[in-house]
2 protein chains.
Amino acid sequence: MQNAPRKARNSATSTRRKSAAVTIHEVAQRAGVSPMTVSRVVNGNANVRAATRELVMRTVRELNYTPNAAARSLAAASGTRIALIYTNPSSAYLSELLVGALDGASKAATQLVLDTWDHMTRATERAAARKIAQSVAGVILPPPLCESKAVCSELVAAGIPVVAIASGRFQPDISGVRIDDFRAAQEMTEHLISFGHSRIAFIKGHPNQTASALRYEGFQAAMAAAGIPVDPTMVQQGFFTYRSGLEAAEKLLARKKPPTAIFASNDDMAAAAVSVAHRRGMDVPRDISVVGFDDTPTATTVWPELTTIRQPIAAMAASSIDLLLRSIRRRKDGEARVVVDHVVAHVLVKRDSVAAPGPG
Amino acid sequence: MQNAPRKARNSATSTRRKSAAVTIHEVAQRAGVSPMTVSRVVNGNANVRAATRELVMRTVRELNYTPNAAARSLAAASGTRIALIYTNPSSAYLSELLVGALDGASKAATQLVLDTWDHMTRATERAAARKIAQSVAGVILPPPLCESKAVCSELVAAGIPVVAIASGRFQPDISGVRIDDFRAAQEMTEHLISFGHSRIAFIKGHPNQTASALRYEGFQAAMAAAGIPVDPTMVQQGFFTYRSGLEAAEKLLARKKPPTAIFASNDDMAAAAVSVAHRRGMDVPRDISVVGFDDTPTATTVWPELTTIRQPIAAMAASSIDLLLRSIRRRKDGEARVVVDHVVAHVLVKRDSVAAPGPG
DNA sequence: TTGAATTTTGATAGCGCTATCACTACGCTC
DNA sequence: GAGCGTAGTGATAGCGCTATCAAAATTCAA
């Protein structure tokens with residue numbers, strides 16, 4: 001904080017230390033090309049001769065060169081940091097989500113930042129959205145945040161690119177990666193029906209997620225197509241938690257004429273139904289079949305292992321990163337916003353929790 | 001690849017685009033100090049007057065300035081990439097590990113990279129260690145990799161800093177962050193004994209982890225201290241998997257005189273024991289108490305919820321990152337290697353799976 | 001008060017990479 | 001052969017920050 005002029009520093013050789021890692025200059029020198037050419041090759045840019053490209057790639061391999069992500073982000077001024085915002089640390093698919101997101105991020109030399117938004121008022125959500133828009137270049141939103149109109153509109157208004165993951169229904173203002181929840185639930189119900197089940201109970205997911213409604217709709221559609229009426233007393237509200245699954249299953253299995261199968265909207269609730277059945281002296285699947293959804297680790301941390309729908313969360317997360325980076329690039333280039341609806345395949349995973357209904 | 005000399009470029013104003021974010025220069029200008037002073041304040045460096053510090057902090061707040069992480073890592077030439085190597089994607093604590101590691105990494109402007117080493121020969125492990133040593137500045141190893149002498153010695157030989165997490169026993173050649181498994185298991189056993197249990201069965205963990213031996217030793221020590229002999233037929237080998245827990249529990253509960261309590265070396269195996277008990281028509285905890293270890297999500301995705309030992313994995317992961325970055329810095333500064341054994345507190349988490357033994 | 005030591009602050013250069021502009025070489029058309 | 005357009009490559013400057021050295025200001029002791 002002084003106003004007096006300062007003498008220029010003596011222009012001696014800098015003593016600044018260089019990192020131990022191989023740099024683009026070393027590769028360039030060895031290959032006999034410019035650093036810019038190495039950059040073009042490594043980044044897959046056009047306008048490099050095939051022979052030059054091969055020579056550079058060989059040199060990269062020999063020196064085991066890995067680009068410095070920080071330098072790349074800084075120079076490219078591309079989105080260096082993206083945030084993944086989640087609400088529930090115990091969420092059954094968080095690890096798969098993180099593994100997939102980290103994989104996608106590290107391939108793109110991008111820093112993944114976690115943030116947790118839980119039990120927030122509208123005002124704090126708004127403030128959080130504004131703050132994050134200033135420190136990251138884009139946001140990945142899993143449910144239930146991606147279902148919140150308030151969250152989405154704040155982020156969109158802040159001009160930050162957003163990608164929803166596993167959002168159930170496509171939303172016209174943000175891009176997303178999802179499975180077809182309706183079709184998946186329909187298939188699972190058809191699977192149960194194919195075993196001869198007609199007294200099928202359904203435990204709904206949390207109403208704050210559109211996937212819940214879609215899964216129920218898929219169930220209903222398959223039942224209708226098979227000419228089986230849905231008894232509303234065979235439908236219980238759950239909240240995607242083990243505890244809510246216990247409560248729902250107690251009600252279903254306490255009935256005079258219990259169901260022969262339970263389709264729970266996620267694996268945790270299905271595991272709870274298995275526990276209740278066992279404690280009531282019922283054999284799974286002989287006396288009652290139980291199926292879940294998501295193929296989380298819970299599906300195999302229960303006995304018998306659950307037949308469930310696999311949602312490829314890790315691949316979806318990596319796809320989300322890709323989509324988000326594309327969006328950030330378009331924004332940077334002043335191009336028009338494009339909203340993408342990327343639907344990936346689900347898989348019906350057959351394990352040991354389903355059998356034909358017994359004689360009762 | 002042209003040999004012709006090139007004319008020097010005309011030294012015109014660059015058209016390079018500047019990012020929209022607030023920079024340290026803008027803060028400096030507004031506060032009337034140099035960028036270097038802002039840097040010192042933001043990084044908590046010494047030798048800044050209190051008044052200057054306050055002025056700068058106020059300006060930072062007004063402008064909502066957030067340092068550019070990429071620029072910071074690049075300028076500081078700190079270890080920018082660290083790897084977390086894991087073996088089992090279904091590991092019950094992977095998500096907590098990742099959340100903690102990502103938190104620690106992003107606070108330190110460090111890029112976290114995941115790698116998975118599974119079912120590798122000694123030779124491929126060696127090659128992988130060499131390769132990773134060339135592309136990251138340090139490595140975090142969870143079990144069972146941190147227990148592998150081969151893995152550890154390869155990484156140490158490659159001169160790369162390594163930190164083990166949840167390793168059971170301190171190893172004199174690499175730093176680590178762990179709980180006291182012996183003491184934790186001792187406490188859990190004491191807890192069961194305090195309820196009046198003496199017929200306590202134990203399901204061991206996987207022999208490829210030293211935590212397994214320590215937990216068993218802790219169990220034995222508490223039993224010995226209480227003057228209760230350990231019946232070897234009440235001890236079954238498990239492998240930290242739900243399936244191995246099923247098998248062990250079937251053996252224990254098929255006995256003419258079954259145990260009144262089961263202490264399983266992790267939550268998955270405890271959950272399996274609960275399932276077997278229920279299917280045998282036993283009430284948990286009235287007929288049989290069941291306790292686990294780790295406080296993973298499994299502990300609360302079961303009914304009744306498990307009494308267990310909480311190992312604070314997320315905090316431990318963040319600590320590991322910190323320790324690793326310190327180690328990287330020491331190495332960079334040419335300082336001697338320091339091996340640290342950081343033991344963090346565990347917590348005995350009491351839930352609903354323990355009661356006094358019944359009259360039988 | 002003076003001189004020495006220490007604290008505080010600022011200027012410079014560069015961390016590793018890439019956007020951008022300029023140049024060269026080559027191919028095609030007239 | 002001359003001129004034009006495009007592919008391929010290289011040189012420059014700078015992305016935002018901080019390590020390092022130098023200069024200025026302050027404090028302390030004689």
request  = Could you tell me the separation between the CD1 atom of A/I24 and the P atom of D/dA11, rounded to a whole number of Å?
outcome  = 14 Å
Heavy-atom closest pair, residues B/V22 and B/V27 = CG1-CG2, 4.1 Å
ask   = Yes or no on side chain to side chain contact (heavy atoms under 4.5 Å, CB included) for B/L94 and B/L97, after CA distance, side-chain angles and deciding distance?
value = CA-CA 5 Å; B/L94 186 59; B/L97 185 56; 4.3 Å; yes
key: Nearest-neighbour nucleotide for the A/R49 side chain, C/dC17, C/dT9, D/dG8 considered   = D/dG8
query = Taking atom C1' of D/dG14 as reference, at what distance in whole Å does atom CG of B/N68 sit?
reply = 13 Å
query = How long is the line joining CG of B/L63 and P of D/dG16, in whole Å?
reply = 15 Å
Any B/S73 side-chain nitrogen or oxygen under 4.0 Å from OP1 or OP2 of C/dC15 = no
Closest heavy-atom pair and its distance - B/C152, B/L141 = SG-CD1, 4.3 Å
inquiry  = If you compare every side-chain N and O of A/N47 against the phosphate oxygens of D/dG8 (OP1, OP2), does one of them come in below 4.0 Å?
reply    = yes
inquiry  = Side chain of A/V33, heavy atoms from C-beta onward: which of D/dG10, D/dG16, C/dC17 has the nearest atom to it?
reply    = D/dG10
request  = In whole angstrom, give the distance that lies between atom CG of A/L55 and atom C1' of D/dG8.
outcome  = 15 Å
query = So which nucleotide from C/dC17, D/dG8, D/dG16 ends up closest to the side chain of A/H25?
reply = C/dC17
key: Phosphate OP1/OP2 of C/dT18 contacted by A/N43 side-chain N/O (<4.0 Å)   = yes
key: Crowding at CD, A/E62 (>12 non-hydrogen neighbours, <6.0 Å)   = yes
Closest listed nucleotide, where the reference is the side chain of A/A75 and the choices are C/dG16, D/dG16, D/dT18 = C/dG16
inquiry  = Of the listed nucleotides (C/dG16, D/dT9, C/dT18), which one gets closest to any side-chain atom of A/R40?
reply    = D/dT9
query = OP1, OP2 of C/dC17 versus side-chain N and O of A/S39: anything below 4.0 Å?
reply = no
Closest to the A/T37 side chain, choosing from C/dC17, D/dT9, C/dG10 = D/dT9
query = Taking the side chain of A/M36 as heavy atoms from C-beta outward, which of D/dG10, D/dC17, C/dT9 is closest to it?
reply = D/dG10
ask   = Which pair of non-hydrogen atoms, one from B/S175 and one from B/L323, has the smallest distance, and what is that distance?
value = CB-CD2, 4.3 Å
remark   = Closest to the side chain of B/T23, out of D/dC17, C/dC17, D/dT18, is D/dC17
inquiry  = Could you tell me how far apart B/L74 (CG) and D/dG14 (C1') are, to the nearest whole angstrom?
reply    = 12 Å
ask   = If you check every side-chain atom of A/R72, which of D/dG8, D/dG10, C/dC17 has the closest atom?
value = C/dC17
